[in-house]
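The chain is numbered in sequence order, starting from 1.
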Amino acid sequence: MERKPEWLKVRYNQQAVEEVAQLLGELKLNTVCREANCPNLGECYRRHTATFMILGSACTRNCRFCDVTSGRPLPPDPEEPENVAIAARRLGLRHVVLTCPTRDDLPDGGAEQFARTIRAIRRECPGTTVETLISDMKMNTDALDVVIAAHPEVLNHNVETVRELQAAVRPQADYHRSLDVLRYCRDKDETLLIKTGFMVGLGETEEQIEALMDDALAAGVDILTIGQYLQPSPAHYPLARYATPEDFARYRAAALAKGFRYVASAPLARSSYKAWEALEGIHDLH
């Protein structure tokens with residue numbers, strides 16, 4: 001494997017990480033930043049922002065690209081929604097991102113915990129916007145309705161990779177099911193901003209990337225994120241290539257030309273990284 005290029009090297013602000021980690025530890029909260037070993041952890045913590053991972057840190061699936069632990073999860077914590085809201089207030093967040101490990105063990109996939117957390121944030125932090133990065137919830141429309149009814153400003157579900165690589169990269173998920181989730185949420189509430197993201201560097205072709213963009217747009221996606229896959233360990237799905245900044249600029253231009261309302265395309269772009277900029281960017285278009 002080639003050496004990691006310069007554009008993927010990031011500064012790590014240890015002091016900021018420790019400050020935010022201490023607060024989250026006091027409130028018994030998880031962040032996807034830490035659990036998924038995100039390369040932007042230092043920058044986001046320095047800015048006192050974080051993506052809260054509700055419903056525990058153990059995932060019932062075992063996607064080959066992901067560094068979140070797979071295992072048997074604990075029951076949802078009834079104090080978690082209020083604790084997330086308290087943390088958001090103490091961090092002074094303007095935009096809160098909520099995500100979760102996939103919880104196939106729960107009948108509603110964790111939908112009610114999402115809704116309770118959104119409502120708690122609304123009470124504790126008036127004016128703060130909320131983004132939910134949900135699992136596919138097995139395309140349980142009753143569960144999706146619970147999240148939609150809580151009305152996050154942005155509803156995100158990641159398709160992760162091109163159709164041809166789905167079975168190898170995320171074997172317990174399904175490309176068309178992910179698109180169906182996005183389409184259902186769009187049709188159910190047209191005021192929601194619908195978001196999805198995918199990685200490059202897994203072995204996809206340019207034609208497959210174009211097809212994914214077309215499928216996402218047809219499903220009603222407003223916001224698209226494109227980032228570099230970074231192999232967490234030798235046991236994870238192998239890295240095929242490092243895309244260049246010029247590649248990402250080309251993907252962004254192509255996606256905007258197709259009609260997406262906002263596109264974040266960069267080597268270190270992640271679905272929740274600088275998520276507030278996407279929301280502000282769309283508002284600036286009005």
Side-chain angles (χ1 to χ4, degrees), residues 8 32 36 38 61 63-66 99 102 131-139 144 154-187 192-232 236-275 277-278 281-282:
L8 284 172
V32 74
C38 178
R61 298 186 189 176
C63 295
R64 294 191 62 203
F65 70 90
C66 185
T99 189
T102 300
E131 176 171 332
T132 54
L133 173 53
I134 62 173
S135 69
D136 62 33
M137 295 183 176
K138 294 187 174 179
M139 192 52 201
L144 294 173
V154 181
L155 193 143
N156 184 1
H157 170 65
N158 285 334
V159 71
E160 303 293 7
T161 187
V162 300
R163 177 177 59 83
E164 291 80 0
L165 294 177
Q166 293 279 323
V169 175
R170 53 198 296 253
Q172 294 158 289
D174 181 86
Y175 180 72
H176 294 291
R177 183 167 65 192
S178 287
L179 292 171
D180 286 345
V181 166
L182 297 166
R183 186 179 296 107
Y184 179 83
C185 294
R186 155 60 62 239
D187 292 344
L192 289 175
L193 290 170
I194 304 299
K195 180 177 178 180
T196 197
F198 68 94
M199 305 167 287
V200 296
L202 292 152
E204 67 288 325
T205 67
E206 296 288 306
E207 293 76 14
Q208 291 166 351
I209 291 173
E210 289 274 340
L212 189 162
M213 290 182 185
D214 290 339
D215 289 342
L217 194 65
V221 171
D222 300 294
I223 303 170
L224 182 67
T225 62
I226 309 168
Q228 173 69 52
Y229 169 59
L230 298 174
Q231 185 178 358
H236 286 79
Y237 195 86
L239 172 69
R241 68 178 176 116
Y242 289 118
T244 66
E246 292 75 22
D247 290 330
F248 285 103
R250 188 174 70 256
Y251 301 146
R252 181 176 185 273
L256 289 172
K258 288 178 183 294
F260 290 98
R261 297 176 65 187
Y262 188 92
V263 180
S265 177
L268 290 174
R270 295 295 183 267
S271 57
S272 54
Y273 177 55
K274 295 186 178 180
E277 290 187 3
I282 284 185

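- Taking OG of S135 as the reference point, atom CD of Q172 lies at 12.0 Å (rounded to 0.5 Å).
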Problem set entry | salt bridge (charged side-chain N to carboxylate O under 4.0 Å, His left out) between R170 and D136, worked out | CA-CA 12 Å; R170 53 198 296 253; D136 62 33; 5.1 Å; no

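- Residues forming a side chain to side chain donor-acceptor pair (under 3.5 Å) with N158 (at least two apart in sequence, or on another chain): S271.
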Identify each donor-acceptor pair in which a side-chain atom of residues 200-207 lies under 3.5 Å from a protein atom, sequence neighbours left out, and give them as a table.
from	atom 1	to	atom 2	distance (Å)
E204	OE1	G201	N	3.3
E204	OE1	L202	N	3.0
E204	OE2	G201	N	2.8
E204	OE2	R241	NH2	3.2
T205	OG1	Q208	N	3.1
E206	OE1	R250	NH2	3.2
E206	OE2	R250	NH2	3.4
E206	OE2	Y251	OH	3.1

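- Listed by first and then second residue, the salt bridge (Lys or Arg N to Asp or Glu O under 4.0 Å) pairs involving residues 208-219 are E210-K258, D214-K258 (not counting sequence neighbours).
- Among residues two or more places apart in sequence or in another chain, the side chain to side chain contact (heavy atoms under 4.5 Å, CB included) test is passed with A266 by A269.
- Not counting sequence neighbours, E164 has no partner by the side chain to side chain donor-acceptor pair (under 3.5 Å) test.
- Among all heavy-atom pairs drawn from V221 and F260, the shortest one is O-CD2, 3.6 Å.
- Crowding of R252 atom CZ: a count of heavy atoms from other residues, nucleotides or ligands under 6.0 Å not exceeding 12.
- Between L212 and Y175 the shortest heavy-atom distance is CA-OH, 3.5 Å.
- Rounding to the nearest 0.5 Å places CZ of R183 at 11.0 Å from OG of S178.
- When the side chain to side chain donor-acceptor pair (under 3.5 Å) test is applied to T161, no partner is found at least two apart in sequence or on another chain.
- For the pair T196 (side chain) and H157 (backbone), a donor-acceptor distance under 3.5 Å is present.
- A donor-acceptor distance shorter than 3.5 angstrom exists from the side chain of S265 to the backbone of F248, with no hydrogens or angles considered.
- No more than 12 heavy atoms of other residues, nucleotides or ligands sit less than 6.0 Å from atom CZ of R163.
- Contact detail for C185 and L144: the closest heavy-atom pair is SG-CD2, 4.4 Å.
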